[in-house]
Amino acid sequence: MPSVLILNGPNLNLLGTRQPEVYGKTTLADINALCEAAAQRLGLTIVFEQSNHEGILIDLIHAAKGTHGAIILNAGALTHTSIALMDAIASVELPVVEVHLSNIHAREEFRHTSYIAPVALGQICGFGAKGYEMALDALSENIFKS
Ligand code: DQA
């Protein structure tokens, strides 16, 4: 069964209480449950992780090579700053779907730049927690369909 690493970056552990007017009231545990249900429907295995530390996220991306067939990444604010995360993704050569709960292109100018986008298969943003399920659907259709 194909396996997908779902990786969440800084401050996403606070979902549910963090700026609910921007990110909604869905918690990260709710998103994990939603992803589990979608993965079952699609015949995929998922591993769901969150870290507030750039280096840990990089280590998890490195470890994904040979373990997972793809990555779904919400890198939080590191999306807009981290060349190191971009390099990690380019190094492992795994398909990555970039996800954001909010529409980063409709927000402050500094959120319009993504260092993940140039090395991602695609980007989904603005659809809240549903974006993670959309990313699993996209991987199932584009990467894992035989
Ligand atoms: C986010 C968007 C980022 O700009 C922000 O820093 C986050 C969350 C999102 O899911 O909408 O932490 O990645």
Side-chain angles (χ1 to χ4, degrees), residues 3-42 44-65 67-144:
S3 177
V4 178
L5 173 65
I6 304 179
L7 201 49
N8 294 282
N11 302 308
L12 293 168
N13 54 313
L14 300 180
L15 284 178
T17 55
R18 174 194 180 199
Q19 295 178 277
E21 69 286 1
V22 178
Y23 299 115
K25 288 194 174 150
T26 311
T27 67
L28 201 61
D30 294 335
I31 295 176
N32 190 357
L34 188 143
C35 289
E36 280 292 354
Q40 257 189 36
R41 168 173 64 78
L42 296 166
L44 302 173
T45 297
I46 60 162
V47 173
F48 200 87
E49 301 274 9
Q50 189 275 332
S51 176
N52 292 322
H53 305 279
E54 186 175 20
I56 292 177
L57 294 168
I58 291 168
D59 287 343
L60 287 166
I61 291 169
H62 291 176
K65 196 179 169 82
T67 309
H68 300 286
I71 300 173
I72 293 171
L73 175 62
N74 183 349
L78 291 172
T79 303
H80 319 299
T81 61
S82 180
I83 296 169
L85 270 181
M86 177 176 79
D87 283 351
I89 292 165
S91 304
V92 297
E93 294 177 334
L94 283 170
V96 172
V97 180
E98 176 184 359
V99 168
H100 301 282
L101 297 150
S102 63
N103 179 357
I104 56 173
H105 303 288
R107 298 182 62 193
E108 303 96 320
E109 188 87 30
F110 64 83
R111 294 188 207 273
H112 299 181
T113 299
S114 168
Y115 283 102
I116 310 302
V119 289
L121 194 61
Q123 183 192 71
I124 298 168
C125 69
F127 298 106
K130 180 78 183 172
Y132 288 78
E133 191 180 340
M134 292 164 80
L136 282 166
D137 277 331
L139 285 171
S140 172
E141 189 71 26
N142 291 283
I143 302 296
F144 298 128

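Being a predicted model, the structure only gives us computed values, none of them experimental. All ligand and atom numbering here is 1-based and tracks the order in the structure. These values consider heavy atoms only, across backbone and side chains, with no hydrogens, waters or symmetry-generated copies.
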So does [X] have more than 12 non-hydrogen atoms from other groups sitting under 6.0 Å from [atom1]?
{"X": "Lys25", "atom1": "NZ", "result": "no"}
{"X": "Tyr115", "atom1": "OH", "result": "no"}
{"X": "Gln19", "atom1": "CD", "result": "yes"}

>> Check contact between Asn11 and ligand 1, using heavy atoms of the residue and a distance below 4.0 angstrom.
In response: no

>> Please determine whether any non-hydrogen atom of His112 lies less than 4.0 Å from an atom of ligand 1.
In response: no

Does an N or O from [X], backbone or side chain, lie closer than 3.5 Å to an N or O of ligand 1?
{"X": "Thr79", "answer": "no"}
{"X": "Arg18", "answer": "yes"}
{"X": "Leu12", "answer": "no"}
{"X": "Ala77", "answer": "yes"}

Answer yes or no: is there a side-chain heavy-atom contact under 4.5 Å between [X] and [Y]?
{"X": "Asn103", "Y": "Arg107", "result": "no"}
{"X": "Asn74", "Y": "His100", "result": "yes"}
{"X": "Arg111", "Y": "Thr79", "result": "no"}

>> Can you tell whether the side chains of Lys130 and Asp137 come within less than 4.0 Å, N to carboxylate O?
In response: no

Heavy-atom nearest neighbour in the protein, as seen from [atom], with distance rounded to 0.1 Å:
{"atom": "atom 1 (C) of ligand 1", "value": "His100 ND1, 3.7 Å"}
{"atom": "atom 9 (C) of ligand 1", "value": "Leu101 N, 3.4 Å"}
{"atom": "atom 11 (O) of ligand 1", "value": "Ser102 OG, 2.6 Å"}

> Counting each atom of ligand 1 from 1 as listed, which ones have a heavy atom of His80 under 4.0 Å away?
Replying inline: 3 (C), 4 (O)

>> Determine whether a donor-acceptor pair (N or O, by modelled atom type, separation under 3.5 Å) exists between the side chain of Thr17 and the backbone of Leu14.
In response: yes

> How does Val22 reach ligand 1, if at all, at less than 4.0 Å between non-hydrogen atoms: by side chain, backbone, both, or neither?
Replying inline: neither

